[in-house]
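Order of the sequence lines sets the chain letters (A, B, ...), proteins ahead of strands, with each chain counted from 1.
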Amino acid sequence: MPPTRSATSPPARCKVALLTYGSTAHSDARRIGTMGGGGAGAPSPLSNMTDPYGMTLISNYAMVARRHMHQYGTTSEQLARIAVATRAHAMRNPQAVQAMTDLEFQDIREITVEDVLNSRMIADPLHLLDCCMVSDGGGAVVIAAPEVARDCRKKPVWIIGSGEATSYSENGSDITVSAAAQSAPRAWAEADVRPDEIDVAMIYDSFTITVLVMLEDLGFCKKGEGGAFVSEQRLRFDSPLKPALNTDGGGLSSNHPGMRGIFLLIEATRQLRGESTSQVPDARLAVAHGNGGMLATSHTGGTIVLARD
Amino acid sequence: MPDRPQPRFPEPDTQPYWEATKEHRLLYQVDRDSGDVVFFPRRHNPKNGSSNLEWRESKGLGTVYTFSVVRLNRHPAFAELGPYAVAYVDLDEGFRILTNIVGVQDPTKDIYIGQRVKVAWLDQSTGISIPVFEPA
């Protein structure tokens, strides 16, 4: 699948690489978001300064949401629109419906903004439906040199730009800005495309706020304007306004085994091959952005821009 | 209710900080050369690698930078606590601490960004005391 055509790459000795991921987070009953307090592993300065306070992963992201609301007037209704759009995509994806069925979701249907706001609060201001699921899952991606990819049965999808960055919270830093603000410009520059040219945005939706912050940091809108941006009739695969968001249903409504990067690449590739269950007509360019770690503390961001022939 | 998770030692960077909490003293570090405020405690200034740091004592007054009220934590020490607030507080001396906001009637209504707060102490059976904050 996606080979690189970067002019700056050294001659590749590796012709084919396999990227895999799998996790049984649900079967193992791992409390990824709601088990704050740590106490495992070797002590570190960070763990010693955070373990006593009961900060769950969800509350860490929620603190970004609260600050974003304070600085920019962002509302819970605006965040909910992200969950509404991804659920609509999930309902079109039989595998996502199966996952929600297997996880015993109580009410498997399209949802409204009111549904999100009426779902129970987990860590203010994030409601249950602002949070991704915890499922099992796995995926694989083959990355091949162009001469190999040209010969494959499936149409190749090209990696035309990438960037990665790490971000640490510091005294006085603005926690509404993520590592994507550093990784994305590198990826856009290498790809020589602009965010407004992108048809499909696959963004790790651990929480609705994650998507909102990253739409801004990827450059789809200005910092602070994410709330207004998602309030327009966009994000859906059939909207005339680009980009479509998480057309497989995302971590919010299709699968999330603890990490999601591989699924971002897989759905972006499906879109560029015309194989998505929520196909964007004539999709030519996609971006996948993954986020790892704790958004309000230390985290990483990886941006990959993908194109079809 | 079981004890909260405690800081664990030996851990050289934060040990002096936690030792001082036994006397209800909130410490932070300053780079003697650059003047940078360093927190959480470390042996080096993360901005320039300098180890020429000194300890100072905070007055314990600050402002809520952001917060979240946790409704669901399956950790036994927090599971029965009821809603409680996790927050970042910006101390007047220029450092940001992860903490809890306590001493309010209803954490879902009585805490706001920009609120002035002061340090309070939760003494632990291990001898250390956990700095938390309450409305000033």
Side-chain angles (χ1 to χ4, degrees), chain A residues 29-71 119-128 131 168-176 207 209 294-298, chain B residues 3-15 17-18 28 36-43 46-47 65-79 81 83-88 90-91 93-100 107-108 111-114 122 124 128 130-132:
Chain A
R30 282 171 51 203
R31 308 302 192 188
I32 294 170
T34 56
M35 189 68 184
S44 71
L46 182 62
S47 71
N48 271 2
M49 298 303 289
T50 56
D51 282 355
Y53 295 107
M55 176 177 63
T56 58
L57 184 145
I58 298 178
S59 63
N60 182 281
Y61 282 70
M63 287 199 288
V64 176
R66 176 72 72 190
R67 186 70 197 182
H68 203 283
M69 290 173 169
H70 174 79
Q71 282 182 212
S119 65
R120 75 178 194 276
M121 197 69 87
I122 305 295
D124 302 51
L126 296 181
H127 308 76
L128 178 68
C131 304
Y168 302 91
S169 67
E170 297 176 76
N171 296 324
S173 66
D174 180 352
I175 64 165
T176 69
F207 305 97
I209 183 62
M294 302 277 248
L295 191 58
T297 315
S298 53
Chain B
D3 272 351
R4 288 173 180 237
Q6 301 289 305
R8 291 171 296 148
F9 307 105
E11 197 296 296
D13 288 21
T14 59
Q15 197 145 4
Y17 170 90
W18 285 109
Y28 65 103
D36 290 335
V37 174
V38 175
F39 197 87
F40 48 80
R42 276 170 272 220
R43 275 168 292 183
K47 287 190 176 150
Y65 174 73
T66 189
F67 69 100
S68 174
V69 180
V70 180
R71 313 293 186 97
L72 180 61
N73 185 346
R74 298 177 202 269
H75 191 289
F78 300 96
L81 207 55
Y84 64 92
V86 171
Y88 278 116
D90 283 337
L91 275 296
E93 292 89 355
F95 65 98
R96 182 173 294 168
I97 188 172
L98 179 77
T99 188
N100 298 129
T108 67
I111 301 170
Y112 56 94
I113 290 175
L122 301 180
Q124 304 293 299
I128 60 118
I130 296 173
V132 295

Notebook entry, point to check: Tell me, side chain or backbone of A:Leu126 under 4.5 Å from chain B's heavy atoms, or both, or neither?
Noted result: neither
Item checked: Max heavy-atom pair count under 4.5 Å with chain A, selected residue of B:Tyr65, B:Phe67, B:Phe39 -> B:Tyr65
Margin query: So for A:Ser44, is it side chain, backbone, both, or neither that comes closer than 4.5 Å to the heavy atoms of chain B?
Written below: backbone
Next item on the list: Could you look at A:Ala65 and say if it's the side chain, the backbone, both or neither that has a heavy atom under 4.5 Å from chain B?
Entry: neither
Checklist line | Per-residue contact mode, B:Ala85 against chain A (heavy atom under 4.5 angstrom) | finding: neither
Checklist line | Most chain B-contacting option - heavy-atom pairs closer than 4.5 Å, from A:Ser59, A:Ala123, A:Ala62, A:Pro45 | finding: A:Pro45
Item checked: Within-4.5 Å side-chain heavy-atom neighbours: B:Arg96 and A:Ser169 -> no
Next item on the list: Flag the one option from B:Val70, B:Val132, B:Thr14, B:Ile113 with the top tally of heavy-atom pairs under 4.5 Å to chain A.
Entry: B:Ile113
Next item on the list: Sort A:Ile58 into side chain, backbone, both or neither according to what part of it lies under 4.5 angstrom from a heavy atom of chain B.
Entry: neither
Item checked: Greatest number of heavy atom pairs closer than 4.5 Å to chain A - which of B:Pro7, B:Ser68, B:Gly114 -> B:Ser68
Check: If you look at every heavy atom in B:Phe40 and A:Leu46, which pair is closest and at what distance?
Finding: CE2-CD1, 3.6 Å
Next item on the list: Under 4.5 Å, counting heavy-atom pairs only, tell me which of B:Val86, B:Leu72, B:Val69 racks up the most with chain A.
Entry: B:Val69
Next item on the list: Would you confirm whether B:Arg4, through its side chain, and A:Pro52, through its main-chain N or O, come within 3.5 Å as a donor-acceptor pair?
Entry: yes
Note to self: Between B:Asn73 (side chain only) and B:His75 (backbone N and O only), is there a donor and an acceptor less than 3.5 Å apart?
What the structure shows: yes
Item checked: Shortest non-hydrogen separation from B:Leu98 to A:Tyr53 and the atoms involved -> O-CE1, 3.3 Å
Check: Distance-only, no hydrogens or angles: does the B:Tyr84 side chain make a donor-acceptor pair with backbone N or O of B:Phe78 under 3.5 Å?
Finding: no
Check: Which heavy atom in B:Pro83 sits nearest to a heavy atom in B:Pro107, and how many Å separate them?
Finding: O-CG, 3.5 Å
Notebook entry, point to check: Taking atom types as modelled, is there a side-chain donor on A:Thr297 or B:Tyr88 under 3.5 Å from an acceptor on the other?
Noted result: yes
Notebook entry, point to check: Out of A:Met121, A:Arg67, A:Glu170, which one racks up the most heavy-atom pairs below 4.5 Å with chain B?
Noted result: A:Arg67
Margin query: Heavy-atom pairs under 4.5 Å with chain B: which of A:Ile122, A:Asn60, A:Val64 has the most?
Written below: A:Ile122
Notebook entry, point to check: Are A:Asn48 and B:Tyr17 close enough that a side-chain donor and a side-chain acceptor fall under 3.5 Å?
Noted result: no
Notebook entry, point to check: Counting heavy-atom pairs under 4.5 Å to chain A, which of B:Thr108, B:Asp90, B:Thr99 comes out on top?
Noted result: B:Thr99
